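To find a chain, count down the sequence lines: A is the first, B the second, and so on, and within it residues start at 1. This is a predicted model, so every value here is computed, not measured.
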Amino acid sequence: MPELLGRTELAEWPVEIAAQRLLASQLITPHGRFRLIELEAYGGSEDPGSHAFRGPTPRNLTMFGPAGHAYVYLSYGCHWMLNIAARPEQEGAAILVRALEPLESLQALRANRPKARNDFDLLSGPGKITQALEISREMDGLDLFDPDGEWRIEVAEEPSAFYRSRRVGLAVGKGDETLWRFISVGSERWASRPRPSSTATAERFSRVGRVRM
DNA sequence: CTCTAGATGTTCT
DNA sequence: GAACATCTAGAGC
């Protein structure tokens, strides 16, 4: 019996396992369909890299809300980040969406990212995704597991094989050694840097088979 | 290709 | 004041 991840599993499984299982799922948007191919897990009382580490604030409140809702926050005062709240309410965890692989034409997205040099530069980073798809704080709290939602996630029926690495952008000693960044095998071209396909950084990545609970 | 500076809201010291 | 889940342009190799 295949274990399909749903809102209940998102709330009950460890956030890093839920992130692994979400890989290759589809994000449905008004701009088209995309595959979630790079995700990072954050949360739990022992993760100093997580916004939830020091408890709720006005910014991170949706991390402590129901699993499956969007947590959207402003990073470095410049870029919106799209996350999926995980774990039970009050516990504080989320999965950061770092890269998407398109399942249809990217033509319409180019106007939102005029500086992009090619298609691989449109969705290969958390800030790029929110620019391309016009995501901002207005989306914070939106239920991404509502089957009738204009924005929603359709979970992959089968788990994806994946690479794992350290999370990007964390300071030394603030969770930088935790291997909670996951990238779908076969979608390396669409991932953010550093990519597992780069020979210079290949040793930072370990390849892992499919994981299921 | 790699490296660096600068943009700047939220949170913490 | 300083740090921070980032991106871009520009410099240099």
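Residues in residues 49-65 of chain A take part in these side-chain hydrogen bond (donor to acceptor under 3.5 Å, both in side chains) pairs, two or more places apart or across chains: H51(A)-Y71(A), T57(A)-N60(A), T62(A)-D140(A).
Map Q131(A) and S50(A) each onto its nearest nucleotide of DNA chain C; the residue landing nearer the 5' end is S50(A).
For M63(A), whose side chain is taken as the heavy atoms from C-beta onward, the closest listed nucleotide among dA5(C), dT6(C), dA7(B) is dA5(C). When distances run from any side-chain atom of A171(A) to the nucleotides dC4(C), dA5(C), dT8(C), the shortest one goes to dC4(C). With dC12(B), dT6(C), dA5(C) as the candidates, the nucleotide lying closest to the side chain of R54(A) is dC12(B). Counting only heavy atoms from C-beta on, K115(A) has its side chain closest to dA9(C) among dA9(C), dG9(B), dA5(C). Residue Y71(A) has its side chain nearest to dA5(C) when only dA5(C), dT6(C), dA7(B) are considered.
Computed from coordinates, the L170(A) CG to dT6(C) P distance equals 8 Å when rounded to whole Å. As rounded to whole Å, 10 Å separates atom P of dC1(B) from atom CZ of R117(A). For W80(A) and dG9(B), the CH2 to C1' distance is 8 Å, given to the nearest whole Å.
Taking the six-membered ring for Trp and the full ring otherwise, the centers of Y73(A) and W80(A) sit at least 6.0 Å from each other.
Residue K128(A) places no side-chain N or O under 4.0 Å from the OP1 or OP2 atom of dC7(C). Between R98(A) and dT6(C), a side-chain N or O to OP1/OP2 separation shorter than 4.0 Å is present. Between R193(A) and the phosphate of dT2(B), there is a side-chain N or O to OP1/OP2 separation shorter than 4.0 Å. OP1 and OP2 of dT11(B) both lie 4.0 Å or more from every side-chain N or O belonging to H51(A). Side-chain N/O atoms of S75(A) include none lying less than 4.0 angstrom from OP1 or OP2 on dC4(C). For dT8(C), one of the phosphate oxygens OP1 or OP2 lies less than 4.0 angstrom from a side-chain nitrogen or oxygen of R113(A).
G169(A) comes within 4.0 angstrom of the backbone, heavy atoms only, and of no base. At the heavy-atom level, L96(A) lies under 4.0 Å from base atoms of the strands shown. Residue G127(A) is in sugar-phosphate contact alone, with no base atom involved, counting any heavy-atom pair closer than 4.0 Å across all strands shown.
Across the C1' atoms, dG9(B) and dA9(C) are found 23 Å apart, a figure rounded to whole Å. Comparing the C1' positions of dT8(C) and dT10(B) gives an interatomic distance of 22 Å, to the nearest angstrom.
The aromatic ring of Y76(A) does not stack onto the base of dG9(B), failing the criterion of a centre distance under 5.5 Å from the six-membered base ring together with planes under 30° apart.
Between atom CD of residue E154(A) and atom CZ of residue R35(A) there is a gap of 11.5 Å, rounded to the nearest 0.5 Å. Distance CG/L122(A) to CG/L106(A): 5.5 Å, rounded to 0.5 Å.
No chain of hydrophobic side-chain contacts below 4.5 Å, direct or via other Ile, Leu, Val, Met, Phe, Trp or Tyr residues, connects I135(A) to M63(A).
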For DNA chain B, what string of dots and brackets results from 5' to 3' when Watson-Crick and G-U pairs need both distances under 3.5 Å, crossing pairs get [ ], and pairs with another strand get |?
|||||||.||||.
Identify all side-chain donor-acceptor contacts of residues 37-44 of chain A below 3.5 Å with residues at least two apart in sequence or on another chain.
from: E38(A); atom 1: OE1; to: S192(A); atom 2: N; distance (Å): 2.7
from: E38(A); atom 1: OE1; to: S192(A); atom 2: OG; distance (Å): 3.1
from: E38(A); atom 1: OE2; to: R98(A); atom 2: NE; distance (Å): 2.8
from: E38(A); atom 1: OE2; to: R181(A); atom 2: NE; distance (Å): 2.9
from: E38(A); atom 1: OE2; to: R181(A); atom 2: NH2; distance (Å): 2.9
from: E38(A); atom 1: OE2; to: S192(A); atom 2: OG; distance (Å): 2.7
from: E40(A); atom 1: OE1; to: Y42(A); atom 2: OH; distance (Å): 2.6
from: E40(A); atom 1: OE2; to: V168(A); atom 2: N; distance (Å): 2.8

